[in-house]
Amino acid sequence: MAKDKILVIGASGQIGVELTLALRKIYGNNNVIASDLREENELLKGTGPYVSIDVMNKEMLHVQVIRQNITQIYLLAAILSATGEKNPTLAWNLNMQGLLNVLDIAREENLKKVYWPSSIAVFGPTSPKQNCPQQTVIEPITVYGISKYAGEFWCNYYYQRFGLDVRSLRYPGLISYKSAPGGGTTDYAVEIFNEAIENKTYQCFLSENTYLPMMYMTDAINATINLMEAPADNISVRTSYNVAGVSFSPKEIAAEIQTHIPDFTISYKPDSRQNIADSWPQSIDDTVARNDWGWQPAFNLQKLTIEMLDNLKLSL
Ligand SMILES: NC(=O)c1ccc[n+]([C@@H]2O[C@H](COP(=O)([O-])OP(=O)(O)OC[C@H]3O[C@@H](n4cnc5c(N)ncnc54)[C@H](O)[C@@H]3O)[C@@H](O)[C@H]2O)c1
C-alpha cells in the first residue's frame, strides 16, 4: 500500500502545531507537510517540511497537493468566534471558501481522507444547555457558528454525493500551552494560566458563573487521530461529532489554580464575548462518538490545571 502523505493547512495555529507534531510521530516527519499563511511556527522548525499556502488560492493549493503527492488533508485554517464577529464577511469567506476549495481538490484528486473541525459554536440559545445532544435544535447566532454549521453539511454532501471520506469533530474550547489561541470566546481558559504565573492576577472577559465545554489539547489531538484512524464503517456521523472533555466556569478554574498558587486573584469584566458564551451549551453529550469509535477523554479540570501550570513554568 502506498504511504500516506498528509497536508496540514493552518499548521502554525493553536491546534495545528500540536497536531502536526503528533501526525509526524505516527506517519514520519517527511510525510506530514505543514502549511500556513503565516510563517512557520518556531516549534515546527526543523521537525519536517513546511510550505506557504493560502487556502483561498485554489490553484496554488491544487498544485501543492499534486506536487507533494498528498493523500490526506487536515484543514485547520479558519477565523474563530470572537474575531469573526469583528469581520463577519472575512470569516464567512475564509471559513466557507477554504473548505470548498479543499473538498473540491480532494474529490478531483481522489484523496483518501479529509479532516475539518467544526465547533460547539454551531449550537445557539435554543439548543439544550446541559448535555447538548448530537442531534438537536441548532440555531447559531455568530457568523462563525453559521459557517461551521454550513460547513458540516458541505462535508456530509461531499461524502453522500461523491463518496469523499471527510470526517469532523465539534471541538469545545481548547486549552493548551504550546501555541497561543487564535481569537475564540474560550481563550480566557488559556490566558488565565499565563497571567496566574506571570502576574498572579487575571481580569476575565466572561462572568464568574459562565460554564462552557472545554478540552485539554492532548485529548483534542487524541480525539482527532482516533477519529481519523477509525474504520470508515464505524463513522455514522458525516456532519460532525460532538466530543466532550470537561465543563467549568471561570470561578471554578480560578479556585483550582488557587490550590497551586494561593495568592492568585481573579476579577471579572465581561465584554462582547459574554453574549457569545451565553448562547452556547454548558456541557455536551458525546455518546455517539464514544459508541462509534471509542472516544474517551483523559483530562479533568484538576489534571489539566497541573499540566498547564507545570509546562508554563518550565517555558518561563
Ligand atoms: N481553538 C479552539 O478552541 C477551537 C474550538 C473549536 C473549533 N476550532 C477549530 O479548529 C480549527 C483550528 O483552530 P485554531 O484554534 O488552531 O485556530 P488558529 O487561529 O490558532 O489557527 C488557524 C491558522 O490558520 C491560518 N490561516 C488563516 N488564514 C489562512 C489561509 N487563508 N490560508 C492558510 N492558512 C490560514 C492562521 O495563520 C493560523 O495559523 C479551526 O477550524 C477552528 O474553527 C478551534
Side-chain angles (χ1 to χ4, degrees), residues 12-19 21-22 41-44 80-83 119-121 129-130 171-224 243-278 280-284 286 296-316:
S12 289
Q14 189 193 8
I15 302 170
V17 169
E18 300 205 36
L19 189 57
L21 293 172
N41 186 288
E42 283 300 318
L43 296 171
L44 294 179
L80 275 69
S81 57
T83 311
S119 161
I120 56 146
K129 285 275 170 223
Q130 305 298 337
Y171 290 132
L174 299 181
I175 300 172
S176 67
Y177 61 90
K178 284 190 183 159
S179 182
T185 304
T186 52
D187 289 6
Y188 93 84
V190 175
E191 289 172 11
I192 195 170
F193 286 107
N194 288 300
E195 293 297 316
I197 288 178
E198 279 171 31
N199 303 318
K200 297 200 174 169
T201 184
Y202 178 61
Q203 188 181 73
C204 186
F205 58 76
L206 298 180
S207 63
E208 60 182 340
N209 290 320
T210 309
Y211 281 83
L212 285 172
M214 302 276 187
M215 184 178 281
Y216 191 56
M217 186 61 84
T218 307
D219 274 338
I221 300 299
N222 286 340
T224 309
V243 277
V246 56
S247 286
F248 55 78
S249 62
K251 192 175 170 184
E252 283 182 357
I253 193 173
E256 193 56 38
I257 290 172
Q258 278 158 352
T259 65
H260 303 275
I261 306 174
D263 49 349
F264 169 66
T265 59
I266 184 164
S267 58
Y268 303 93
K269 195 177 177 207
D271 66 16
S272 58
R273 288 168 279 191
Q274 184 68 47
N275 195 33
I276 302 177
D278 287 342
W280 290 348
Q282 299 183 343
S283 60
I284 299 289
D286 59 4
Q296 215 171 358
F299 285 81
N300 59 18
L301 179 57
Q302 289 73 26
K303 201 170 161 191
L304 76 83
T305 300
I306 291 169
E307 287 267 326
M308 285 295 288
L309 292 175
D310 285 354
N311 283 296
L312 285 172
K313 276 182 204 149
L314 284 178
S315 65
L316 276 184

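Quick note: residue numbers are just sequence positions, from 1.
Taken to the nearest 0.5 Å, the CD1 atom of I306 stands 8.5 Å off from the CG atom of L309. Residue T265 holds its OG1 atom at 10.5 Å from CD of Q203, rounded to the nearest 0.5 Å. Rounding to the nearest 0.5 angstrom, the gap separating the CD1 atom in I192 from the CE atom in M308 is 10.5 Å. We find the CD-SG distance between Q274 and C204 to be 8.5 Å, quoted to the nearest 0.5 Å. Taking OG1 of T224 as the start and CE of M217 as the end, the distance is 9.0 Å to the nearest 0.5 Å. Taking CE of M214 as the start and CG of L304 as the end, the distance is 9.5 Å to the nearest 0.5 Å.
Considering only residues two or more places apart in sequence or on other chains, E195 meets the side-chain hydrogen bond (donor to acceptor under 3.5 Å, both in side chains) condition with N199.
Pairs passing the ring-ring contact (aromatic ring centres under 6.0 Å, His included) check and including a residue from residues 197-221, sequence neighbours excluded, read Y216-F299.
Side chain of Q258 to backbone of F264: a donor-acceptor contact under 3.5 angstrom is found. Within the 3.5 Å criterion, the main-chain N or O of G184 finds a donor-acceptor partner in the side chain of D187. One N or O on the side chain of T210 and one on the backbone of S207 form a donor-acceptor pair closer than 3.5 Å. At distances below 3.5 Å, at least one donor-acceptor pair connects side-chain atoms of D286 with backbone N or O atoms of A244. Counting only distance, with no hydrogens or angles, the side chain of S81 and the backbone of T185 share a donor-acceptor pair below 3.5 Å.
Within the 4.5 Å cutoff, the side chain of V243 has no heavy atoms near those of the I284 side chain. Side-chain contact check for I266 versus I257: every heavy-atom pair is 4.5 Å or farther apart. The side-chain heavy atoms of Y268 and N209, taken from C-beta on, include no pair separated by under 4.5 Å. At least one side-chain heavy atom of L206 sits under 4.5 Å from a side-chain heavy atom of L212.
Within a 6.0 Å sphere centred on NZ of K129, other residues, nucleotides and ligands contribute more than 12 heavy atoms. Surrounding CD of Q296 are at most 12 heavy atoms belonging to other residues, nucleotides or ligands under 6.0 Å away.
Summarising the geometry of I221 relative to A22, their closest heavy-atom pair is CG2-CB, 3.5 Å, with the distance given to 0.1 Å. Residues S249 and Y188 share a closest heavy-atom pair of C-OH, 3.5 Å. Between L80 and G183 the shortest heavy-atom distance is CB-O, 3.7 Å. Annotation for G245 and M215: closest pair N-CE, 3.8 Å, computed over non-hydrogen atoms. Scanning all heavy atoms of the two residues, the minimum distance from N300 to K303 falls at OD1-N, 2.8 Å.
Between the side chains of N194 and E198, no donor-acceptor pair of N or O atoms lies under 3.5 Å.
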Which side-chain N or O atoms in residues 172-181 pair as donor and acceptor under 3.5 Å with protein atoms at least two apart or in another chain?
| residue | atom | partner | partner atom | Å |
| --- | --- | --- | --- | --- |
| S176 | OG | Q14 | NE2 | 3.0 |
| Y177 | OH | N311 | OD1 | 3.4 |
| S179 | OG | G13 | O | 3.3 |

